[in-house]
Amino acid sequence: MDKSCDDGLGSGLVENGFITDEQLTAALSIRKSSGLRLSEILLMEGYTSKEQLQQFMSEHVDMPYVKLTPDLIDVEAVRLIPANVARNYMVIPVTLVGDILTIAVSCPFDTAALDMLAFASGYNLEPVLSDEEDILEAIDYFFKDGGLEEEVMTWDEDGLEVVDRFSPDPQEEVKIDEAPIVKLINNLISRAIKEGASDIHIEPEDNLVRVRYRIDGVLMEAKVLPVEVHNALVSRIKVLAELDITERRLPQDGRFFVKYAGKEVDFRIVTAPTIYGESVTIRLLDQTNARVGLSDIGFNDKELRTVMHALEEPHGFILVTGPTGSGKTTTLYAILNEISDISKKVITIEDPVEYRLKLINQIPVNAKAGLDFASILRSVMRQDPDIILVGEIRDRETAGIAVQAALTGHLLLSTLHTTGAPETLPRLLDMGVESYYVREVIRLIIAQRLVRKLCPSCKEAYIPSPDALVGLGVAPKGDGVIYKASGCKHCSGVGYRGRTGVFEVMLMSDELRSLMSLEFRANQVRQKAVEEGMTTMWSNAAEKVIAGITSLEEIERNIPR
């Protein structure tokens, strides 16, 4: 029985008058020297009776008491927990109904153990109280006489293979390569890939470890683990990512690859020290996403034609803008997939390189070695490129060199942090780029956000209120029906599956360039661009609501008006 059970039992019995403080102190002293469980000592010393213990635990933890007999126990439920786990935690599964696993426990206070058992079985637990002797008899019967001794825990990790890994110190390997931790990590990884998570967050707290997945841009709790597994969990991840397992005071970053279900996934690891221990963030980069095309990321026909028209230019500057996490890099890769071929030399400068692309020379930024965007871009200019991708325009120097590259016959692609397409022009001027150069080189600006797509299996039709329609700005077609999130097993009850882009595509025209010869403002550029046919980001999002792709609530949460 875990120490936390003894502690909870002892304090609870004193608080409810079953034993005295003096009796508890004496019993704890005996436990320290004998190694016996507190309940055994209390009964042995006559401080309480078995009936009183059962009464206390059943009444004061709101947990029913069940008298265990073999005929009450479903053998298929027993198979969900290995023999060693059942014995270590003194538990035995009883029945499985739907996703609820009823499990008999001898101690209701060991919540960390219950969390671990929920994780191990993969089901929601409904604990019931039973005598320890009855649980032991059931374990002996089912795992010995019942022939289940060789059963092992089923983990959702089939086909998971770590591609490259570090060989740690042999002594450390003994601790962190123990099967439970390896299986725990493999389970977290394989489940994250299956559910389409972009990030895994492992966050220690005072008495637990919280694991959260970011799915379609939203953080969701995946598991709660006992705090005792934290150090081994983090050490195992560090080994995979070739990080220093002895350094826990400073942030570290690394990477590793896995192959799973025919996919090759790149994992980027960042650790950070917190008051409760190291927090770990794992970014998942599915390499199959590198093959995405422009038609796959949410452009409508009009926007797609505009983008393709700009890409026909042999040189110039194409910018994709938006906040962090808005899908800018994916859009740039989709553009490269459209225009790169064996006849063109394409060089990218990225921090870091997220996806590996064929026929493309990809150069990672390395600040420690003095290789920043600007210095690499200068070198790239001498390598006879046709197309250059700069991961991000961060400063005046990089912006100036990028503009020069576009002026000297190269097609240059990059990203910038702005709120919309028209706002990009004054942003470039604020960075110190001369207005003449901006007028000459800018061909196309794409501003974007990401919104979640409604689950096609459960999205629910409804007729919005008149006020909601006014806010939407676009009238629904036909019977006025739009859709909202509902929730089903296919979307894990969330109501959304996957994400799509919402865009504002501004093709530079002579009229827009002429505005830049005056003291112009972004709203003037926006007004002129709309007059020339640009669809605003909100209108683009509203069209996706009308089409049943996303919901009104989702665009109100994510899209600026």
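One-based numbering along the sequence shown. Computed from a predicted model, the values in this text were never measured in an experiment.
Under 4.0 Å is where a charged nitrogen must lie from a carboxylate oxygen, and between Arg394 and Asp351 at least one such pair does. Looking at Asp430 and Arg427, no side-chain N of the basic residue comes within less than 4.0 Å of a carboxylate O on the acidic one, giving no salt bridge. Ion pairing between a basic and an acidic side chain is recognised when a charged N comes within 4.0 Å of a carboxylate O; Glu554 and Arg499 show no such pairing.
Atoms OG1 and CD1, from Thr398 and Ile349 in turn, are 8.5 Å apart once rounded to the nearest 0.5 Å. For the atom pair CG of Leu444 and CE of Met308, the computed distance is 11.5 Å after rounding to the nearest 0.5 Å. Note: Ile269 CD1 to Leu240 CG = 8.0 Å, rounded to the nearest 0.5 Å. With rounding to the nearest 0.5 angstrom, the CG atom of Leu336 is 11.0 Å from the OG1 atom of Thr331. Taken from CZ in Phe256 to CG in Asp266, the straight-line distance is 9.0 Å, to the nearest 0.5 Å. Remark: Leu208 CG to Leu225 CG distance equals 9.0 Å, nearest 0.5 Å.
Remark: Gln524 CD is packed, more than 12 non-hydrogen atoms of other residues, nucleotides or ligands lying under 6.0 Å away. The number of heavy atoms from other shown groups lying within 6.0 Å of OH (Tyr355) is above 12. In the displayed structure, Tyr483 atom OH is contacted under 6.0 Å by at most 12 heavy atoms of other residues, nucleotides or ligands. Around CZ of Arg396, the count of heavy atoms belonging to other residues, nucleotides or ligands within 6.0 Å does not exceed 12. The local environment of OH in Tyr436 is sparse, with at most 12 non-hydrogen atoms from other residues, nucleotides or ligands closer than 6.0 Å.
The two atoms that bring Ala310 and Leu507 nearest to each other are CB-CD1, 3.9 Å, heavy atoms only. The nearest pair of heavy atoms linking Ser340 to Val346 is CB-CG2, 3.9 Å. Phe317 approaches Leu412 most closely through the heavy-atom pair CE2-CD2, 3.1 Å. Scanning both residues, Val481 and Ala461, for their nearest heavy atoms gives CG1-CB, 3.4 Å.
Partners of Glu303 according to the side-chain hydrogen bond (donor to acceptor under 3.5 Å, both in side chains) rule, which considers only residues two or more places apart in sequence or in another chain, are Asn540.
The backbone N or O of Lys345 lies less than 3.5 Å from a partner atom in the side chain of Asp386, making a donor-acceptor pair. A donor-acceptor contact shorter than 3.5 Å is absent between the side chain of Asn366 and the backbone of Leu371.
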When you look at Asp467 and Ser465, which way does the side chain to side chain donor-acceptor pair (under 3.5 Å) test go after all the steps? CA-CA 5 Å; Asp467 290 342; Ser465 67; 5.4 Å; no

Start with the C-alpha distance between Val403 and Leu428, add both sets of side-chain angles, then the distance that settles side chain to side chain contact (heavy atoms under 4.5 Å, CB included), and finish with yes or no. CA-CA 10 Å; Val403 166; Leu428 288 170; over 6 Å; no

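The side-chain hydrogen bond (donor to acceptor under 3.5 Å, both in side chains) test with Glu203 singles out one residue from Arg210, His230, Arg212, and that residue is Arg212. Just one residue in the list Cys458, Cys455, Cys491, Ser551 forms a side chain to side chain contact (heavy atoms under 4.5 Å, CB included) with Tyr496, and that residue is Ser551. The residue from Gln527, Lys528, Met534, Arg521 that alone fulfils the side chain to side chain contact (heavy atoms under 4.5 Å, CB included) condition with Pro422 is Met534.
Residue pairs meeting the ring-ring contact (aromatic ring centres under 6.0 Å, His included) criterion with at least one partner in residues 276-308, sequence neighbours excluded, are Phe299-Phe503.
Side-chain polar atoms of Gln383 and Ser379 form a donor-acceptor pair below 3.5 angstrom. Counting only N and O atoms by type, the side chains of Thr424 and Thr418 include a donor and acceptor under 3.5 Å apart.
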